[in-house]
Engineer: 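Supplied in structure tokens, the structure appears directly below.
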Amino acid sequence: QKEVEQNSGPLSVPEGAIASLNCTYSDRGSQSFFWYRQYSGKSPELIMSIYSNGDKEDGRFTAQLNKASQYVSLLIRDSQPSDSATYLCAGGQNEKLTFGTGTRLTIIP
Amino acid sequence: DTAVSQTPKYLVTQMGNDKSIKCEQNLGHDTMYWYKQDSKKFLKIMFSYNNKELIINETVPNRFSPKSPDKAHLNLHINSLELGDSAVYFCASSRRVAGASSTDTQYFGPGTRLTVL
């Protein structure tokens, strides 16, 4: 059983719309959660981190965490073609990150 | 300035050879990691070092041996390379979150694409 699960996609969203990416995790000991973006052939780069229940906003990005439901999400508002990438969800505990398999997002101009 | 750097960027070698990948970070972080990303893009932790001490050692064949000469460097040596070792290997680093069970943001290097023929 995978510890962090994501829909692999591909998820296609029109330019300017909201992209919604979801992630569930099985380890209740996970304390911190991260969304990374990875372009093809590049390394993962941090988009958002979230440690507490609720919403956290940064520009066009909003991360949501619900520890009771073991659910993390990332919303991307006003989606741009440059947002097309694979988005990796990760749960952290004791300095170890466990990644999901990633969701491939395509923004359609 | 590159925060986390790796060399080489590409590595093509024959089965049975031994190879090394080097990683350096200039972020002042205490903790460094090696990850393997397979052809399906699944990113999995292999090892972690904190200030030269091994703290995470996942189920990895003992052909893989990490070495940390100081807290800014973490190298990965692979003996007797096999076809299944072909992957992208990422180094990462983070601050240590003192006294907590949490994890701070990890910053990734550019990756080393290893191809075993």
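What you see is a predicted model; the values in this text were computed from it and never measured.
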Engineer: Which heavy atom of S43(A) sits nearest a heavy atom of G109(B), and at what distance?
Structural biologist: CB-O, 2.9 Å

Engineer: Other residues, nucleotides and ligands only: do more than 12 of their heavy atoms fall within 6.0 Å of CZ on R37(A)?
Structural biologist: yes

Engineer: Of all the heavy-atom pairs spanning T105(B) and Y51(A), show the shortest one and how long it is.
Structural biologist: N-OH, 4.2 Å

Engineer: Please round to the nearest 0.5 Å and tell me the distance separating atom OG of S32(A) and atom CG of D104(B).
Structural biologist: 8.0 Å

Engineer: Using the rule given for side chain to side chain contact (heavy atoms under 4.5 Å, CB included), can you reason through Q106(B) versus Y36(A), listing the C-alpha separation, both sets of side-chain angles and the distance that settles it, and then say yes or no?
Structural biologist: CA-CA 10 Å; Q106(B) 294 183 16; Y36(A) 284 84; 3.6 Å; yes

Engineer: Let me confirm one number: the CG-CG distance from L43(B) to L88(A), rounded to the nearest 0.5 Å.
Structural biologist: 6.5 Å

Engineer: Would you indicate whether E15(A), at its atom CD, is surrounded by more than 12 heavy atoms from other residues, nucleotides or ligands within a distance under 6.0 Å?
Structural biologist: yes

Engineer: Answer yes or no: is there a donor N or O on one side and an acceptor on the other, between the side chain of T101(A) and the main chain of F42(B), under 3.5 Å?
Structural biologist: no

Engineer: Write out, in numerical order, the residues from residues 28-39 of chain B with a heavy atom short of 4.5 Å from a heavy atom in chain A.
Structural biologist: T31(B), Y33(B), Y35(B), Q37(B)

Engineer: Any sub-3.5 Å donor-acceptor pair from Y107(B)'s side-chain atoms to E45(A)'s backbone N or O?
Structural biologist: no

Engineer: Under 4.5 Å, counting heavy-atom pairs only, tell me which of G102(A), A90(A), P44(A) racks up the most with chain B.
Structural biologist: P44(A)

Engineer: Check whether more than 12 heavy atoms from other residues, nucleotides or ligands sit under 6.0 Å from atom NZ of K22(B), and answer yes or no.
Structural biologist: no

Engineer: F90(B) vs Q38(A), test: side chain to side chain contact (heavy atoms under 4.5 Å, CB included). Steps then yes/no.
Structural biologist: CA-CA 12 Å; F90(B) 287 102; Q38(A) 187 175 25; 3.7 Å; yes

Engineer: Side chain from CB out, backbone as N, CA, C, O: work out which of these in F33(A) comes under 4.5 Å of a heavy atom of chain B, or both, or neither.
Structural biologist: neither

Engineer: Which value, rounded to the nearest 0.5 Å, describes the distance between L97(A) atom CG and S48(B) atom OG?
Structural biologist: 10.0 Å

Engineer: Can you tell me which of K44(B), K41(B), E58(B), R113(B) forms the most heavy-atom pairs within a distance under 4.5 Å of chain A?
Structural biologist: E58(B)

